[in-house]
Amino acid sequence: MKYRIFNTEVDYRMQKMYHLNLTKYQIKNSKIALIPGDPFRVPKICEEICKQYGGTNTEISWKREYRTSLCEIDNSTIVVTSSGIGGPSLSIAIEELAMLGIRTFIRIGTTSAIQGYISIGDVIITTGSVRMDGASKHYAPVEYPAVANYEIINSLINGAIKSQIQYHVGITASSDTFYPGQERSESFSNYVIKELRGNMQEWKRLNVLNYEMESSTLLTMCSVMGLRGGCITGVIGNRAYGENIQEDSLKLGENNGIKVAVASLEHILKTIL
Ligand code: URA
């Protein structure tokens with residue numbers, strides 16, 4: 001089997017993508033991918049798809065952080081691929097899935113809110129991201145906005161209403177680091193550099209809703225490459241009340257993000273794809 005990265009032949013239906021270890025043939029002409037960070041969320045998302053729409057799912061690859069399953073419902077095939085944590089590893093997943101024919105990307109993640117009115121288990125639908133990452137700068141200068149596709153935003157809202165889960169729509173701060181970038185001094189060094197000190201208060205004051213680590217890379221890449229991108233995250237903590245992520249909060253936020261994203265597929269498959 002040839003790897004795409006080392007091969008310039010035009011027909012790469014049978015060539016494996018170097019990192020995802022997938023061929024175009026394997027993903028059966030699918031045009032949409034759901035992208036969690038954690039590989040162990042892939043089967044959870046597939047189970048939710050089968051629960052809401054019926055159909056079947058099959059795991060087709062798992063290499064490093066990139067685990068992929070295919071969900072087949074009625075006439076649609078949905079790819080679910082984990083991206084790992086952060087912009088650099090996510091950028092590889094997006095590049096290779098786009099080369100395989102995927103045109104719509106929805107990140108399903110977890111997040112900590114920074115606004116006091118947001119509760120654990122709510123979901124946040126990102127309209128645009130503060131680009132506190134490095135990977136997106138390899139795709140567009142910093143002045144370029146990291147914005148979500150409006151049709152995907154609409155579909156995610158539709159999914160939240162259908163699921164009866166509280167949702168918030170707005171701006172996300174997307175940071176390369178979990179500790180200093182999100183102003184956590186509960187780290188090994190207990191140190192946050194001067195440039196990042198006070199950033200949580202500042203984003204809060206500027207009506208940013210939450211922190212996560214991948215949306216700025218995803219949304220910048222999708223806009224630059226003419227693809228549809230969206231991001232939904234389930235709230236597992238609220239930094240306005242301190243740092244205390246509990247096991248049951250993680251489960252609730254994770255499950256609600258998945259439920260809403262999967263519910264939004266009905267609208268996406270009917271009206272967009
Ligand atoms: N993901 C993040 O990046 N930050 C959090 O606080 C929770 C999830």
Side-chain angles (χ1 to χ4, degrees), residues 37 85-87 90 106-137 139-150 152-154 156-157 160 165-223 229-246 249-250 252-254 256-257 260:
I85 295 177
L90 175 127
I106 301 177
R107 162 167 156 68
I108 309 175
T110 54
T111 188
S112 283
I114 60 176
Q115 300 292 346
Y117 58 82
I118 298 176
S119 304
I120 308 284
D122 291 359
V123 294
I124 294 178
I125 296 164
T126 298
T127 52
S129 295
V130 183
R131 291 175 55 193
M132 299 177 74
D133 69 315
S136 72
K137 287 159 197 146
Y139 288 88
V142 282
E143 293 82 1
Y144 190 95
V147 287
N149 175 275
Y150 72 97
I152 303 298
I153 296 172
N154 250 346
L156 289 169
I157 293 172
I165 289 172
Q166 183 67 52
Y167 66 97
H168 308 269
V169 182
I171 298 170
T172 293
S174 192
S175 159
D176 258 355
T177 53
F178 184 83
Y179 290 97
Q182 300 182 22
E183 214 188 342
R184 285 186 167 94
S185 51
E186 309 87 342
S187 60
F188 179 68
S189 65
N190 302 127
Y191 190 71
V192 175
I193 60 168
K194 214 162 36 181
E195 186 188 324
L196 292 170
R197 255 177 261 154
N199 86 68
M200 185 166 79
Q201 200 48 42
E202 174 124 304
W203 298 134
K204 189 176 172 191
R205 182 67 183 77
L206 300 178
N207 284 324
V208 171
L209 303 182
N210 62 315
Y211 281 124
E212 58 77 75
M213 298 179 67
E214 292 81 16
S215 63
S216 51
T217 305
L218 173 74
L219 301 180
T220 303
M221 285 182 76
C222 285
S223 293
C231 173
I232 179 157
T233 44
V235 177
I236 63 171
N238 193 319
R239 300 287 304 284
Y241 304 116
E243 180 63 280
N244 196 9
I245 298 173
Q246 309 279 353
S249 310
L250 175 60
L252 183 65
E254 184 184 50
N256 284 354
V260 172

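The residues of the chain are indexed from 1 along the displayed sequence. Fair warning: this is a prediction, and the values are worked out from it, not measured in the lab. Below, each value reflects all heavy atoms present in this structure, side chains not excepted, and no hydrogens, waters or symmetry copies.
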field: Neighbour count above 12 (heavy atom, 6.0 Å) for Y150 OH
entry: no
Donor-acceptor list for residues 118-130 side chains, cut-off 3.5 Å, not counting sequence neighbours:
unit_1, atom_1, unit_2, atom_2, d
D122, OD2, S119, N, 3.0
D122, OD2, H168, NE2, 2.8
T126, OG1, T172, OG1, 2.7
T127, OG1, G170, O, 3.2
S129, OG, S215, OG, 2.6

- prompt: Taking the side chain from R131 and the backbone from T220, do they hold a donor-acceptor pair closer than 3.5 Å?
  reply: no
message: With side chain to side chain contact (heavy atoms under 4.5 Å, CB included) as the test, pick out the partner of S112 among N238, T233, I245.
response: I245
message: I'd like to know if R107 pairs up with E212 as an ion pair, taking the criterion as any Lys NZ or Arg NE/NH1/NH2 lying under 4.0 Å from an Asp or Glu carboxylate oxygen.
response: yes
Backbone of G116 reached by a side-chain donor or acceptor of Y241 within 3.5 Å: yes
- request: Mind listing the closest non-hydrogen atom pair of G181 and Y211 along with its distance?
  value: O-CE2, 3.9 Å
field: Where I171 and N210 come nearest, the two heavy atoms and their spacing
entry: O-OD1, 3.7 Å
query: In this structure, are over 12 heavy atoms from other groups packed under 6.0 Å from F178 atom CZ?
result: yes
- request: Could you tell me whether a side-chain N or O of R239 sits under 3.5 Å from a main-chain N or O of Q182, the two making a donor and an acceptor?
  value: yes
- prompt: If you measure from OG on S175 to CG on N199, what distance do you get to the nearest 0.5 Å?
  reply: 7.5 Å
- prompt: Does E214 reach the main-chain N or O of G86 with its side chain, forming a donor-acceptor pair under 3.5 Å?
  reply: yes
query: When you measure from the side chain of N149 to the backbone N and O of G230, does any donor-acceptor pair fall under 3.5 Å?
result: no
- prompt: Would you say the side chain of Y179 lies within less than 4.5 Å of the side chain of N190, judging by non-hydrogen atoms?
  reply: no
message: Quick one: does any side-chain atom of N256 pair with a main-chain N or O of G253 as donor and acceptor, under 3.5 Å?
response: no
message: Taking atom CD as the centre, does E195 end up with more than 12 heavy-atom neighbours from other residues, nucleotides or ligands that are less than 6.0 angstrom away?
response: no
message: Contact between I193 and P180 at the side-chain level, heavy atoms closer than 4.5 Å - yes or no?
response: no
field: Side chain to side chain, L90 and M213, heavy atoms closer than 4.5 Å
entry: no
query: Hey, what do you get for OG1 (T217) to NZ (K137), rounding to the nearest 0.5 Å?
result: 9.0 Å
task: Measure the spacing between OG of S216 and OH of Y139 and express it to the nearest 0.5 Å.
output: 12.5 Å
Which atom of M132 lies closest to which atom of A173, heavy atoms considered: SD-CB, 4.2 Å
- request: Count the heavy atoms of every other residue, nucleotide or ligand shown that sit under 6.0 Å from CD1 of I85, and state whether that count exceeds 12.
  value: no
field: Sequence neighbours excluded - salt bridge (Lys or Arg N to Asp or Glu O under 4.0 Å) pairs with any residue from residues 197-208
entry: none
field: Gap between atom CD1 of I157 and atom CD1 of I152 - 0.5 Å precision
entry: 11.5 Å
Residue pair D176, D133: steps toward the side-chain contact (heavy atoms from CB on, under 4.5 Å) verdict: CA-CA 5 Å; D176 258 355; D133 69 315; 3.5 Å; yes
message: Please find the pair of heavy atoms, one from W203 and one from Q115, that lie closest to each other, and give the distance.
response: O-NE2, 4.3 Å
